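Numbering of ligands and ligand atoms starts at 1, following listing order. Note: hydrogens, waters and symmetry copies are ignored here, and every other heavy atom, side chains too, is used. These numbers were taken from a predicted model, which means no experiment stands behind them.
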Amino acid sequence: MNAKEILTRLKEGNQRYVMGKLERPHQNMERISESSVGQNPYAIILSCSDSRVIPELIFDTGLGDLFVIRVAGNIANTSSIASIEYAVANLGASLIVVMGHQSCGAVTAAVEGGDLSKNLNHLVNHIKPAISKAKNPKCIDEVIHLNAVETKNTMIQNSSIIAEGVNLKSLDIVPAYYSLETGIVDWLQ
Ligand SMILES: [Zn+2]
C-alpha cells in the first residue's frame, strides 16, 4: 500500500469507529501466532498519552497494524523521533500520522506557562514553537492544531531518515486532530 491507500484505510477505520461498526480486525489467536514471527505495520502514529486517544481503537485496527508512539502532547523529541526512525528504516511503514486532540492537557500546560519542574518543562518546550505561531497564543485549540503541524516539521528537520523519505516521496507525514466529543479524526493537510 502506498501512503494514499493507507490514509484511505485509516479514514475507513475511523468511520467504522464513529458509526459504532467496529470490525476489530487482527485481534484473534491466529493473528497473535502469525505476528509472533515479525511485524509489518502499515502506519506510524505519533499521538498523545491521553487515555481517551487510543489509535488502535480510533482507526479500528489490530495486532501488528500500527506502530504507535504515545507521549503527552504528541511531541517530536529525541526518543519519539528515534522510535519513528526505527519503524521507517526497518519496518517499511510509509505513512506517519501526528495526531493532536481536543482539550490536550500538555498543550494547555504549555499555553498557561510557568515553571513546571524539569521534566515537564522539557515536554512543554517542544510545544512552544506552535504557541509562537498562533494568531491567538492563548487559544488552546489553535495551538493544538498548530502543534500537530509543527511536530511534523520538527521531525523532518531533526531526522535525516525521515527527511530523506519525504524527499524521495516514499514517506508521507499527515498532521491530524482527534475530537473527544465526536470521535472524528480531522486531517489537517
Ligand atoms: Zn494530550
H26 versus D65, side-chain donor and acceptor atoms under 3.5 Å | yes
Could you list the donor-acceptor pairs under 3.5 angstrom formed between side-chain atoms of residues 7-17 and any protein atom two or more places apart in sequence or on another chain?
{"unit_1": "T8", "atom_1": "OG1", "unit_2": "K4", "atom_2": "O", "d": "3.0"}
{"unit_1": "N14", "atom_1": "OD1", "unit_2": "V185", "atom_2": "N", "d": "3.0"}
{"unit_1": "N14", "atom_1": "ND2", "unit_2": "I58", "atom_2": "O", "d": "3.3"}
{"unit_1": "N14", "atom_1": "ND2", "unit_2": "G183", "atom_2": "O", "d": "3.0"}
{"unit_1": "R16", "atom_1": "NE", "unit_2": "D60", "atom_2": "OD2", "d": "2.6"}
{"unit_1": "R16", "atom_1": "NH2", "unit_2": "D60", "atom_2": "O", "d": "3.4"}
{"unit_1": "R16", "atom_1": "NH2", "unit_2": "D60", "atom_2": "OD2", "d": "3.2"}
{"unit_1": "Y17", "atom_1": "OH", "unit_2": "Y178", "atom_2": "OH", "d": "2.8"}

Look at the rings of H145 and Y177 and say which category their plane angle falls in: under 30° parallel, 30 to 60° tilted, over 60° perpendicular.
-> parallel
State whether the number of non-hydrogen atoms from other residues, nucleotides or ligands found under 6.0 Å of Q39 atom CD is greater than 12.
-> yes
Verify same cluster id: W187, V68 (apolar side-chain graph, 4.5 Å) | yes
Find the distance between OG1 (T78) and CD (E85) and round it off to the nearest 0.5 Å.
-> 9.5 Å
What is the number of protein N, O or S atoms that sit under 2.8 Å away from the Zn ion (ligand 1)?
-> 3
